[in-house]
2 protein chains.
Amino acid sequence: MRLSRKSEYALLALIHLAKNFDIKLVTLKALSGQNDIPPKFLETILIFLKQAGYIRSVRGPKGGYKLAKSPDQIALAEIFRCIDGPLAPVISASLHFYEKSPIEKSKKLHTLLKEIRDYVSAILEKTTLKDLL
Amino acid sequence: MRLSRKSEYALLALIHLAKNFDIKLVTLKALSGQNDIPPKFLETILIFLKQAGYIRSVRGPKGGYKLAKSPDQIALAEIFRCIDGPLAPVISASLHFYEKSPIEKSKKLHTLLKEIRDYVSAILEKTTLKDLL
DNA sequence: AATATACCCTACAAAACACATAGGAATTAT
DNA sequence: ATAATTCCTATGTGTTTTGTAGGGTATATT
C-alpha cells in the first residue's frame, strides 16, 4: 500500500466531516482552507467520494458537504481501496484487485507478501473514521 | 510499500543467484531467460545492484554474476528500500526517507500508519534471501 | 425574478514515474 | 583475433499523479 496525495486529502476531508457529523454542512472552501488542500483538486475528490456513497452534498447558499454514514461505519480500508486501489504490496498479492505478476514465481516471497497484505488489511478494516477523532 | 516491477525482477534475480551462491556464476542471459525478465531491463537492474554492493560480476566468456554476500546476510528490507524507497505507506511515516506530508495533520492516522510501517519493516528486516530458498 | 452562493462535471495539462530499449565501450577466455 | 560477456549512458514511451480551467446547475435570500 502506498498512499497518494489524493487519498491523504480525502482522509483529511472525511475526518473534518466526521467531526461535524449530524451538526452541520461544511463548504468546500472551509474544507480546503482549514486543511490546506488545493480547492479545485479537493472538489474533484469530493465528487468522487459522493459518487462512491461516502458523502452527501447540498447545493446553493447554506450548502456544503456532510458524511452519508456515521463515522463508525466507514472503515479506512474501503476508502484507500476506492482511491488508491490494492492494499497489498504487489498486485498479485491482492484479493480485490488480483492480476498475475512476476513475483509469483517465488512462492515463499509471494506468501510473505500476502501475510503483509493480511495484516494491513485487518488493521485498516477494523479502524473507522470514528477511531481517528 | 508498493513493489515496482523493477524490484520484483531484482528479487527474482537475487533469489536465483542465492541458489547458486558459492557454486557458479550466472549470466544475464540465464537470469533473464529462466525468470522471464526483459534482458536489457534486467541488465540495468544488475548494474544497480552491483553498485549497491549486493552482487559481483565477472566479464568476458565464462563471466556472469554472483552474490557479494551470503544469502542470510541480505535482508529484504534493504533491497526494497534501495530500489523502491520507503517501506512506509506514506513518506511522512518513513524513518529513512521522511518528508513532510499533509496526513501529519491527523495525529491518530499518522500514528496508525507508523504502526503499519513498523510491522512491515520488522518482517522485512528479519527475512533474508536465505529464507526464500 | 434577480442575485449571489455554492456544488457539479468534463476536459485538459504539466511533471514525475515506470518500464523498458538502443547502441556502443570495455573486459577476458579461447 | 574472435566471440562472449558485462558496463554505461542516453533515449523513448506510456501511464499516473497532481493538479487547473471553465462553464453548468441548484437554491436561499432579497
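In what follows, every chain begins at residue 1, and chains take the letters A, B, ... in the order their sequences are listed. Quick caveat, the model's predicted, so the values are computed rather than measured.
For the side chain to side chain contact (heavy atoms under 4.5 Å, CB included) criterion with L17(A), the lone passing option out of V26(A), L12(A), L25(A), L49(A) is V26(A).
The distance from atom CG of L49(A) to atom P of dC9(C) is 14 Å, rounded to the nearest whole Å. Rounding to whole angstrom units, NZ of residue K24(B) and C1' of dT5(D) are separated by 16 Å. Rounded to an integer number of Å, the gap from F48(B) CZ to dT9(D) C1' is 16 Å. L46(A) has its CG atom 17 Å from the C1' atom of dT10(C), to the nearest Å. As rounded to whole Å, 12 Å separates atom C1' of dT6(D) from atom CG of L31(B). Rounded to whole Å, the distance from CG on L17(B) to P on dT6(D) is 11 Å.
Within the 4.0 angstrom heavy-atom criterion, only backbone atoms of the sugar-phosphate kind lie near K50(A); the bases stay farther away. In this structure, E8(A) reaches neither bases nor backbone, as no heavy-atom distance under 4.0 Å exists between it and the strands shown. Within 4.0 Å of L28(A), counting heavy atoms only, lie sugar-phosphate atoms of the nucleic acid but no base atom.
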Close N/O contacts between protein and nucleotides 20-23 of chain C (under 3.5 Å):
residue	atom	partner	partner atom	Å
dA20(C)	OP2	Y9(B)	OH	3.1
dG23(C)	O6	K40(B)	NZ	2.5

I'd like a list of close polar pairs between nucleotides 14-16 of chain D and the protein, N/O only, cut-off under 3.5 Å.
none

Under 3.5 Å between N/O atoms: give me all the protein pairs with nucleotides 26-30 of chain C, atom names plus distance.
residue	atom	partner	partner atom	Å
dA26(C)	N3	R59(B)	NH2	3.3
dT27(C)	O4'	R59(B)	NE	3.2
dT27(C)	O4'	R59(B)	NH2	3.3

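Annotation for D84(A) and R2(A): closest pair OD2-O, 3.5 Å, computed over non-hydrogen atoms. When all heavy atoms are compared, the tightest approach of A18(B) to L67(B) is CA-CD1, 3.7 Å. The shortest heavy-atom contact between C82(A) and A52(A) is SG-CB, 4.4 Å.
For the pair Q51(B) and dC8(D), the criterion of a side-chain N or O lying under 4.0 Å from OP1 or OP2 is met. Neither OP1 nor OP2 of dT5(D) sits under 4.0 Å from any side-chain N or O of S57(B).
With sequence neighbours left out, T111(B) forms a side-chain hydrogen bond (donor to acceptor under 3.5 Å, both in side chains) with no residue at all.
Residues of residues 86-95 of chain A that place a heavy atom closer than 4.0 Å to DNA chain D do not occur.
Salt-bridge check for E78(A) with R81(A): failed, with every basic side-chain N at 4.0 Å or more from each acidic carboxylate O.
Evaluation of the salt bridge (Lys or Arg N to Asp or Glu O under 4.0 Å) test over residues 40-63 of chain A, restricted to residues two or more places apart or in two chains, returns K40(A)-E43(A).
Atom OH of Y9(A) and atom OG of S32(A) lie 10.0 Å apart (nearest 0.5 Å).
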